[in-house]
Amino acid sequence: MDGLGGGFCVLRRVASRNDWVIVEANRRVRDAYQAAGVDPIGLLLSEANQVADNSGSEALYIEALETGCRAESEIELRIPGEAPRWRRLTALPVADETVARWPHDTTACRPRHGGRG
């Protein structure tokens with residue numbers, strides 16, 4: 001899994017569980033999860049985060065819903081057994097309590113030795 005670059009999915013907020021559920025996904029997302037033996041449709045974000053921790057994205061989805069505008073952020077994606085990956089994540093509100101999201105892998109643009117400046 002490469003941070004699901006090229007992936008696109010639609011998430012609906014499940015307020016009663018303080019979670020999100022994947023309601024639509026493109027082939028890139030479906031193939032990545034199905035390779036791990038998981039169907040992404042109907043999968044809760046909290047369950048998906050057990051495979052790839054991308055918990056930093058939830059605040060972005062809420063921002064998009066609250067402002068009604070596109071929201072973007074760069075977050076670290078942690079997948080067990082793999083080096084951390086960075087991605088620019090975009091979220092766009094598409095309906096009540098529903099956002100579309102897509103990532104762009106930015107790992108190659110980051111310093112390789114962990115130094116800043």
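Keep in mind that what you see is a predicted model, and the values were worked out from it rather than measured. For this chain, numbers begin at 1 and follow the sequence in order.
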Are side-chain heavy atoms of [X] and [Y] found at a separation under 4.5 Å?
| X | Y | result |
| --- | --- | --- |
| I62 | E66 | yes |
| V29 | F8 | no |
| L44 | R17 | yes |

[X] side chain to [Y] main-chain N or O, any donor-acceptor pair under 3.5 Å?
| X | Y | result |
| --- | --- | --- |
| T107 | W86 | yes |
| T98 | D96 | yes |
| T67 | E63 | yes |
| D19 | V14 | no |

Please report the closest heavy-atom contact between [X] and [Y], naming both atoms and the distance.
| X | Y | value |
| --- | --- | --- |
| W20 | V99 | CZ3-CG2, 4.2 Å |
| I75 | L89 | CD1-CD2, 4.0 Å |
| I22 | P40 | CB-O, 3.2 Å |
| P93 | A64 | CG-O, 3.4 Å |
| G7 | P103 | O-CD, 3.0 Å |
| A100 | V94 | CB-CG1, 3.8 Å |

Between R101 and C9, is the side-chain contact (heavy atoms from CB on, under 4.5 Å) condition met? List the steps. CA-CA 6 Å; R101 68 117 187 226; C9 66; 3.1 Å; yes
Residues that [X] engages under salt bridge (charged side-chain N to carboxylate O under 4.0 Å, His left out), provided they are two or more places apart:
| X | answer |
| --- | --- |
| R88 | none |
| R30 | none |
| R27 | D31 |

Any chance you could lay out the side-chain contact (heavy atoms from CB on, under 4.5 Å) test for L43 and V38, step after step, and finish with the verdict? CA-CA 8 Å; L43 186 67; V38 177; 4.0 Å; yes
Nearest-0.5 Å distance, OG of residue S46 to CG of residue N18: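 Taking OG in S46 and CG in N18, the distance rounds to 9.5 Å.
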Measure the spacing between CD of E74 and SG of C109 and express it to the nearest 0.5 Å.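 If we round to the nearest 0.5 Å, E74:CD and C109:SG are 8.0 Å apart.
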Between the side chains of R13 and Y61, does any donor sit under 3.5 Å from an acceptor?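 Per modelled atom types, R13 and Y61 side chains form no pair under 3.5 Å.
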